[in-house]
Amino acid sequence: MYYFDPHIHMVSRVTDDYETLAKMGCVGMSEPAFWAGFDRGSPEGFRDYFRQLTEFEPKRAAWYHLQHFTWICINAKEAENVSLSREVIKLIPEFLDKPGVLGIGEIGLNKNTPNESTIFMEQVELADRLDEQILIHTPHLEDKYMGTRMILDMLDDFADLDHGRVLVDHVEEHTVRHVLERGYWAGMTLYPVSKCTPERAVDMVEHYGPERLLVNSAGDWGPSKPTAVPDFILAMRRRGHSEAEIRRVVYENPLEFFSQSRNFEFRPPEVPAEADK
Amino acid sequence: MPTLATRPELFDREFLALRAKILEIAATLDRLDRSPGSLAGDPRVEQIREAFAVLTSHDSDRAERVQLVFSRPYDPNWKNNLA
C-alpha cells in the first residue's frame, strides 16, 4: 500500500532509510523544521538548515522516487532564546515560496514557558498574516496535556484562523479529543517509549473515526523508527479494517491536508515522472 | 470506525501480550524492592499507584485517565499565572 509520512525528520536519517521507505510503500513525506539535538548559535546556522531542508533533502529523496516537502520555523526548544528566535523569524518569509515548502512548522511548546509562548504567538501571527498552513509540535510526557491546552487557548486568540489548515501533532489519548473538537487536524506520532504505539493509534482511529487524523513516524536523530507507519498499516489490517479505511488515514488524509498549501505539487505514484516517460 | 473483532477474538489475540506486559511490570516492581535505597518522598511512586488503580477500574477510558495521572494538570488561568 502507498502511504505518505506527514512528519519525519529525514535530515537526521541516513540515505539507506530513504531506500527502505521507498521499498515499504512510502511515496512522499513532509519534514518540519525542528531542534537538531543542540542549540544553534546564530541565525546563519538556521539559514543553512533551511537550505538543507529546501534544496538537499528533496534531491536525496528523489533518488528513490520519493517526494519531499518541508516546513520552516524556529522550533519550540530554541524558542526559549527570544532574540535569536526573532532573527530566525525574519528569515522565514524568504523560504516560504520555495518549491515544496508547505507552511510554518513545527512551532509549539516544549516546557510551556513564557518565552516559548511568545515566539509561538509571533509565528502564528506570521502564518495568519501570510495565509500559510501551520504544523504544531506539542510537548512530551508530563508537559503534553497542559502544553496542548495552552496551544489551543493561544490559537483561540486568532479569530479568523482556518482550523482546517492547522495540524496539531503528537496527540495522544488525553489530547486528541481537544484537538479534533476544535476542528484542527491531529497527528499521531509512533515512537518507541514516549508518544504512541501502532496499536494505540489504531485504538484512537476506532474511537474518533478517520476524519482529520494522520499518523507519522517522526523518525529523527533519537531512538525512533522511520518505518513506523507500515507497522500501523499492519496493525489496522490485523484488526480487520479494510484497505480503503487504511488508505484513507495513511495516504488520502495527508494529501487532503497538504493540498491546501500552494506549494504542494504532489505527483501521485500512478503518474510516471518525466524522467520515466 | 468501530472495533471489528469480537471481544473473545480480541482477548485471544491479546492474552499472551497482556500476560507478558503484566509479568514485566511485576518483575520490575520486584527488582525495585530488591534494590538498596529508598523511594520515600518520590511523587512518581504515587503516580504509579494511581495508574494501577485506573487499570483495575471498569471504565473504558483507562488509557486517557492513565495519561492524565502522569500529566501536569491544566490551569485555565495559565496566562495570568505563567508570568
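Just so it is clear: chains get the letters A, B, ... in the order the sequence lines come, proteins before strands, and each one is counted from 1.
- Annotation for A:Gly240 and B:Leu4: closest pair O-CD1, 2.7 Å, computed over non-hydrogen atoms.
- If you measure heavy-atom distances from A:Arg200 to chain B, the contacts under 4.5 Å come from the side chain alone.
- Heavy-atom pairs under 4.5 Å with chain B were tallied for A:Asp143, A:Thr148, A:Asp153, A:Val205; the largest tally goes to A:Asp153.
- Of the atoms belonging to A:Thr113, it is backbone heavy atoms, and not side-chain ones, that fall under 4.5 Å from chain B.
- Distance check: A:Met150 CE to B:Tyr74 OH gives 9.0 Å after rounding to the nearest 0.5 Å.
- Annotation: A:His207, atom NE2; neighbour count of heavy atoms from other residues, nucleotides and ligands within 6.0 Å does not exceed 12.
- Ranked by non-hydrogen atom pairs under 4.5 Å with chain A, the options B:Glu64, B:Gln47, B:Arg65 are led by B:Glu64.
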- request: Take B:Asp61 and A:Arg177 through the salt bridge (Lys or Arg N to Asp or Glu O under 4.0 Å) test and state the conclusion after the steps.
  value: CA-CA 12 Å; B:Asp61 59 348; A:Arg177 177 171 51 84; over 6 Å; no
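- By the 6.0 Å contact criterion, CZ on A:Arg182 is enclosed, its count of non-hydrogen atoms from other residues, nucleotides or ligands being greater than 12.
- For chain B, no part of A:Met204 is nearby; none of its heavy atoms comes within less than 4.5 Å.
- By the neighbour-count criterion of 12 heavy atoms within 6.0 Å, atom CD of B:Glu24 is sparsely surrounded, having that number or fewer from other residues, nucleotides or ligands.
- Interface remark: B:Arg13 contributes side-chain atoms only to the contact with chain A (heavy atom separation under 4.5 Å).
- When heavy atoms are compared at a cutoff of 4.5 Å, A:Asn112 approaches chain B solely by way of its backbone atoms N, CA, C and O.
- When side chains are defined from C-beta on, A:Leu141 does not count as touching B:Phe70, because their heavy atoms never get closer than 4.5 Å.
- For B:Asp75, the parts sitting under 4.5 Å from any heavy atom of chain A are the backbone and the side chain alike.
- Two residues are said to be in side-chain contact when any heavy atoms from C-beta on lie closer than 4.5 Å; B:Pro73 and A:Met146 fail this criterion.
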